[in-house]
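Some notes on the structure that comes next.
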Number of protein chains: 2
Amino acid sequence: MAYRETEKMRNRKAEARKRIIECTYGCVADGGFRSAQITRIAACAGVATGTIYRHFESKEDLFAEIFRIATQREVDKVAEALSAEDNAVSRLEVALRQFAERALRGPVMAWSLIAEPVDPKVEEERLKFRRAYAQLFEQAIRDGIKEGCLPDQDARQSSTCLVGAIAESLVGPLSPAQADTAEQAETNDHNPLVNSIICFCMQGLTGTRR
Amino acid sequence: MAYRETEKMRNRKAEARKRIIECTYGCVADGGFRSAQITRIAACAGVATGTIYRHFESKEDLFAEIFRIATQREVDKVAEALSAEDNAVSRLEVALRQFAERALRGPVMAWSLIAEPVDPKVEEERLKFRRAYAQLFEQAIRDGIKEGCLPDQDARQSSTCLVGAIAESLVGPLSPAQADTAEQAETNDHNPLVNSIICFCMQGLTGTRR
DNA sequence: ATAAATAGTGAATCATTATTCATTCTTTGT
DNA sequence: ACAAAGAATGAATAATGATTCACTATTTAT
């Protein structure tokens, strides 16, 4: 025997892998999954196209991983907002605002995560992503019901509606055609758009029954 | 001169066009846009692939038209529900139910219209489609505010949230993986899913302020 | 230094479909 | 019947971009 993988090599490979991931992330944040071709990613990462395939089974797998990473960041932020020491209604409100404002701040990535057409494996991740959000909200809603600050309701269904209402409200402002409009939001953190969305959502949660 | 387009020919061409549209509609309703390849559509319509291009500029154009037609049907149904003689709140509730129930009854088409990845030109139609719904709801909300049965609110924003909440709630049940679950709905018109969605939405609209 | 083992390369290949266009078939008016 | 005009055909082409793989380079242990 002559060659055996050594620490040094392992590190180098890990770095290359990391670089590929970062470049893919960058490409997606910049122009969506559509614009992230293997050739471009490879060039950006300073490796040959073939090298990508030493680190990932396929483009779909790479994309799925990028999606997971990007998603995790967002979900973590919302989870953080929901774990504050406060009543459920306030926590939900802060979390919803976090969700919407972050999306408006990174519109291309948000659009990719929410609405860009993607391949099946990535779409699968998207469903998980949405469910992850919904589950966080769902738990908070249950808390709220227990605390008595929310009326009894189908927590799962309400959480799904929350995700939908926010996502839909953002699709317009986020769609590539209107990136400029969204950019304004970057400099304006008292965004009336966000306020209206949250108003509807909070009413949906807290409103009295007819 | 020897040949000039005659009524008979115009009819025949119109029929061919109609047949192409119907077959495309059928393919989409059956397996989504993805499964509607030109070859298959042509075979189904009993014409050569080239013939498709005598009637439509491109596949995208054909799809965009199909999308418009399918959409119009749905939007019309909602518009109908909203034009009833009743107060705005009741009309909105009936319309929302119409929207959701029709989607569950034709899950593949609904999925294609709401969530299937499609090409840019078709995606454009989708945005219009969603806006068309939103506009209908928006007007009804304005009516409701005027009538006094809805509290003052940003009608446009609320309507967008309505569309989002419903669409999101349906994406899970509609996604191709779960076509079977949706089929149950076909035989069960007292669907609890629909009721929960509508409950949230109506609260979002009517709820008291905190 | 040498050889075994693995890593990296990138031009060539493959796969998928939409689209074209040279050709054939139909219709129409004389 | 004939020829002009247009309609229909579908095999061939084009375009795109992911993936492969024969080859070169590098690393390691002796």
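Quick note on labels: first sequence line is chain A, next is B, and so on, each numbered from 1.
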*Where do Arg142(B) and Glu138(B) land on the salt bridge (Lys or Arg N to Asp or Glu O under 4.0 Å) test, with the steps shown first?*
CA-CA 6 Å; Arg142(B) 284 192 210 293; Glu138(B) 186 180 339; 2.3 Å; yes
*Minimum-distance nucleotide to Ile38(A) side chain [options: dA18(D), dT9(D), dT26(C)]*: dA18(D)
*asked:* Checking Gln153(B) against Ser158(B): is there a side-chain donor and acceptor pair closer than 3.5 Å?
replied: yes
*Heavy atoms under 4.0 Å, any strand shown: does Ser58(A) hit a base, just sugar-phosphate, or nothing?*
sugar-phosphate
_Interatomic distance where CZ belongs to Arg10(B) and P belongs to dT26(C) [whole Å]_ = 22 Å
*Length of the CZ-P vector between Arg4(A) and dA7(C), whole Å*: 13 Å
*Write down the distance between NZ (Lys13(A)) and C1' (dT6(C)), rounded to a whole number of angstrom.*
8 Å
*Are any side-chain N or O atoms of Thr6(B) and backbone N or O atoms of Met9(B), one a donor and one an acceptor, separated by less than 3.5 Å?*
no
*Nearest atoms (heavy-atom pairs only) where Glu60(B) meets Lys121(B)*: OE2-N, 3.0 Å
*Roughly, in whole Å, what's the span from OH in Tyr3(A) to P in dA5(C)?*
12 Å
*Tyr53(A) OH to dT20(D) P: how many Å, rounded?*
7 Å
_Between dG10(C) (P) and Ile41(A) (CD1): distance, integer Å_ = 17 Å
*Length of the CZ-P vector between Arg54(A) and dA18(D), whole Å*: 19 Å
_I want to confirm an ordering. Mapping Glu7(B) and Phe63(B) to their closest nucleotides on DNA chain C, which one lands closer to the 5' end?_
Phe63(B)
*How long is the line joining CD1 of Ile52(A) and P of dA7(C), in whole Å?*
16 Å
*On DNA chain D, check which nucleotide each of Met9(B) and Gly50(B) is closest to and give me the residue with the more 5' one.*
Met9(B)
